[in-house]
Amino acid sequence: MKYPLEYIQWEDVTSSGSAWYETSEMETWKSDAEKAFVVEQTGFIVGETKRYILLCGHYHPETNIVLEQFGHLQKILKCLILKRKRIKL
């Protein structure tokens with residue numbers, strides 16, 4: 001296979017959105033934010049640097065009808081990755 005298929009478990013970045021918070025509300029949000037939002041997904045590793053991986057959720061190889069295509073691309077910072085495992089087909 002041209003691109004390795006991997007299982008990635010990573011901690012997503014959270015945001016409070018555009019709302020303004022008073023101190024007590026911010027403290028509640030901060031304590032809730034301590035609970036990790038963990039994402040588990042699989043995809044093809046189509047690129048990698050020292051800082052991130054480039055994960056492709058949908059891949060279509062080139063054929064005599066269509067060029068190679070990539071869908072649902074995500075850059076995931078390596079510092080957020082909790083677990084990474086190659087999947088053999």
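Just so you know, these numbers come straight off a predicted model, no measurement behind them.
With values rounded to the nearest 0.5 angstrom, K78 atom NZ is found 12.5 Å from L80 atom CG. To the nearest 0.5 angstrom, I81 atom CD1 is 4.0 Å from I53 atom CD1. Of the inter-residue distances, the one linking E6 atom CD with Q41 atom CD reads 11.5 Å to the nearest 0.5 angstrom. Atom-to-atom distance recorded for D12:CG and I76:CD1 is 9.0 Å, nearest 0.5 angstrom. Atoms CZ and CD1, on F44 and I87 in that order, are 9.0 Å from each other to the nearest 0.5 Å. For the atom pair NZ (K75) and CG (L55), the distance works out to 13.5 Å, reported to the nearest 0.5 Å.
Residues T42 and I8 are not in side-chain contact: their nearest non-hydrogen atoms beyond the backbone lie 4.5 Å or more apart. In this structure, the side chains of M26 and W20 stay at 4.5 Å or more apart for every pair of heavy atoms.
Salt bridge E48/R84: present, at least one basic N to carboxylate O contact under 4.0 Å.
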Exercise for review: In sequence, state the C-alpha distance, the side-chain angles, and the governing distance for L54 and I45, and then conclude on side-chain contact (heavy atoms from CB on, under 4.5 Å).
Suggested key: CA-CA 6 Å; L54 182 57; I45 305 298; over 6 Å; no
Exercise for review: Apply side-chain contact (heavy atoms from CB on, under 4.5 Å) to the pair L5 and Y3, showing each step before the final yes or no.
Suggested key: CA-CA 6 Å; L5 181 63; Y3 300 104; over 6 Å; no
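Note: the hydrophobic cluster containing L77 also contains V13 (ILVMFWY, side chain heavy atoms under 4.5 Å, direct or indirect links). Residues Y7 and L89 share a hydrophobic cluster, clusters being chains of Ile/Leu/Val/Met/Phe/Trp/Tyr side chains in contact below 4.5 Å.
The side-chain hydrogen bond (donor to acceptor under 3.5 Å, both in side chains) pairs that include a residue from residues 49-64 are Y59-E68, where partners are two or more places apart or lie in different chains.
In terms of heavy-atom proximity, V46 sits nearest to C56 at CG1-CB, 3.7 Å.
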